[in-house]
Number of protein chains: 2
Amino acid sequence: MPETKKTRKRPGRQPGTTLTREAILDRALELVERDGVAALSMRRLGEELGVDATAFYRHFRDKDALVLAAYDRVTDELADLVRELDPSLPWRTRLERLAEAGWALSERYPAMYSLGWARITGGPAEREIVEFILGTLASTGLAADRAVLYYRTFADLTLSLSGMRATVAALDPALREKDANAWTNIYAALPQSEYPAAIAHAAELQRVTETEIYELAIQALLDRVEREIG
Amino acid sequence: MPETKKTRKRPGRQPGTTLTREAILDRALELVERDGVAALSMRRLGEELGVDATAFYRHFRDKDALVLAAYDRVTDELADLVRELDPSLPWRTRLERLAEAGWALSERYPAMYSLGWARITGGPAEREIVEFILGTLASTGLAADRAVLYYRTFADLTLSLSGMRATVAALDPALREKDANAWTNIYAALPQSEYPAAIAHAAELQRVTETEIYELAIQALLDRVEREIG
DNA sequence: ACCTGAACACCGTTCAAGT
DNA sequence: ACCTGAACACCGTTCAAGT
């Protein structure tokens, strides 16, 4: 029986496909911000780059390593700011600028930020930012234990508040709406007698912005540092 | 041809399986804290309760609704504390107690907390806590817009810092180790000339605890409220 | 050295079929 | 009214087979 010439399986490397780490990370970042966290799958990323989903395992140990590397790329932008900051600025101004830039970053890359903010990449960008904050606080004359405590509090505060914002922003549209409605429904259907404070402040509650909250928290912390320096 | 009596498919409700909302949530909470966030799948939960994975769709719209309901159950414990708090305590003490209890909750249910902290459930427990914080701040004589701003900042701060801790605690053991090693490697392999501040504070950095950080952030905010009250 | 594609062990969810 | 089980459209990851 003559072998009918069916289209044979031909696994193997195709010509013209040269994957680089940089190209993968660029596309991953673009994909996740465009189509959301759930869209960042190996198969979708493979379609995007014209390769099989399993090709990435030659460049990253697993998906987590890929995501962390992409997040580190985002953090690079913060490290750039740190490098360019005028060293003659007062310590408080320097930290305020950093906090502001971190917030802006979480607004520019909500999806990626929501995936990485609670993780430690150990990358060079991260190290530079640690050195900057610690160096700035130490320059005020703060004792080592206090400088370290304020550094960690500043870092955790900025990361977690930006992270919260990014996480909410990166939620599936359907879930975001669900949560938004929950707020509206709370203040619409509240029994007056049981929730007097919530009712009395309903109008003001609608006006508060996330940015105000972030700034207040940072200022409260920096005030405390300033008072301790004396 | 006589039909051989093979074991026939017999879909349908089995006797003795009566699923309740409460039983589902109890088991979901137990499962997720015991085996981790990744273990909370409809199929695993089905095995746990001796029912098919699809049975839950008669009780919850989708998995997100199930998770949110389980998270609301955790929040109930905070509402209990709020209800039992002595109303004659100073406003600052009341808020400190709440902050402390929220932190403890994120330690007791890290997995569930990590799934819910950034979400708004709109449940009764949540409403009670909102009313408590807002009422406490308003009782200090703060203007409505300031009371609301401080309420939101207090809520976001406690939620996001506890959420960060819970998220890290609920990370896959393999990832947690990876991140922990990242820290160690940073301070072990740092070139002395480029990272003087990090090197100088390496010993102190190992000593800071998450709880200290949380308390400092809360105190900084409450100090600011106190100064504004005058 | 690097990529393919089948395969494995999973997911959430829908829906007709049962009791 | 409520549950089952097949089915669908997905996942991350491994590994032998290709170039």
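The chains referred to below are lettered A, B, ... by the order of the sequence lines, with proteins before strands, and numbering in each begins at 1.
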Side chains of residues 50-57 of chain B: which donor-acceptor pairs under 3.5 Å do they make with residues two or more places apart or in other chains?
| residue | atom | partner | partner atom | Å |
| --- | --- | --- | --- | --- |
| Asp52(B) | OD2 | Thr54(B) | N | 3.0 |
| Asp52(B) | OD2 | Thr54(B) | OG1 | 2.8 |

Would you mind writing out the side-chain donor-acceptor pairs for residues 23-36 of chain B within the sub-3.5 Å range, not counting sequence neighbours?
| residue | atom | partner | partner atom | Å |
| --- | --- | --- | --- | --- |
| Asp26(B) | OD1 | Arg73(B) | NE | 3.1 |
| Asp26(B) | OD1 | Arg73(B) | NH2 | 2.7 |
| Arg27(B) | NH2 | Glu48(B) | O | 3.3 |
| Glu30(B) | OE2 | Arg34(B) | NH2 | 3.2 |
| Glu33(B) | OE1 | Ala111(B) | N | 3.2 |
| Glu33(B) | OE2 | Ala111(B) | N | 3.3 |
| Glu33(B) | OE2 | Met112(B) | N | 2.8 |
| Arg34(B) | NH2 | Glu48(B) | OE2 | 2.3 |
| Asp35(B) | OD2 | Arg44(B) | NH2 | 2.7 |

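Protein atom CG of Leu19(A) is 10 Å distant from nucleotide atom P of dC2(C), rounded to whole Å. Following rounding to the nearest Å, Leu49(A) (CG) and dC2(C) (P) show an atom-to-atom distance of 16 Å. For the pair Asp172(A) CG and dC10(D) C1', the computed distance is 15 Å after rounding to whole Å. Atoms CD (Glu47(A)) and P (dC3(C)) sit 18 Å apart, rounded to a whole Å. Taking atom CG of Asp52(A) as the reference point, atom P of dG18(D) lies 16 Å away to the nearest angstrom.
Taking Val82(B) as the reference, Leu98(B), Ile129(B), Phe132(B) meet the side-chain contact (heavy atoms from CB on, under 4.5 Å) condition, with sequence neighbours excluded. Partners of Glu77(A) under the side-chain contact (heavy atoms from CB on, under 4.5 Å) rule, at least two apart in sequence or in another chain, are Leu105(A), Arg108(A), Tyr109(A). Contacts of Glu96(A) classified as salt bridge (charged side-chain N to carboxylate O under 4.0 Å, His left out), with partners at least two apart in sequence or in another chain: Arg92(A). For Thr167(A), the side-chain contact (heavy atoms from CB on, under 4.5 Å) partners at least two apart in sequence or on another chain are Ser114(A), Trp117(A), Ala118(B). The salt bridge (charged side-chain N to carboxylate O under 4.0 Å, His left out) test applied to Glu131(A) returns no partner, not counting sequence neighbours. The side-chain contact (heavy atoms from CB on, under 4.5 Å) search around Glu100(B) returns none, not counting sequence neighbours.
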Here DNA chain C, pairs taken as Watson-Crick or G-U under 3.5 Å and shown with ( ), [ ] when crossing and | when to another strand, reads ||.|||||...|||||.||
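Note on Arg152(A) versus Glu210(B): salt bridge recorded, some NZ/NE/NH1/NH2 to OD/OE distance being below 4.0 Å.
Listed by residue number, the members of residues 54-66 of chain B with any heavy atom below 4.0 angstrom from DNA chain C are Thr54(B), Tyr57(B), Asp62(B), Lys63(B). A heavy-atom distance below 4.0 Å to DNA chain C is reached by these residues of residues 27-45 of chain A, ordered by number: Arg43(A).
In Glu177(B), the CD atom is not crowded: 12 or fewer heavy atoms of neighbouring residues, nucleotides or ligands sit closer than 6.0 Å.
The stretch residues 113-126 of chain A participates, sequence neighbours left out, in these salt bridge (charged side-chain N to carboxylate O under 4.0 Å, His left out) pairs: Asp64(A)-Arg119(A), Arg119(A)-Asp179(B).
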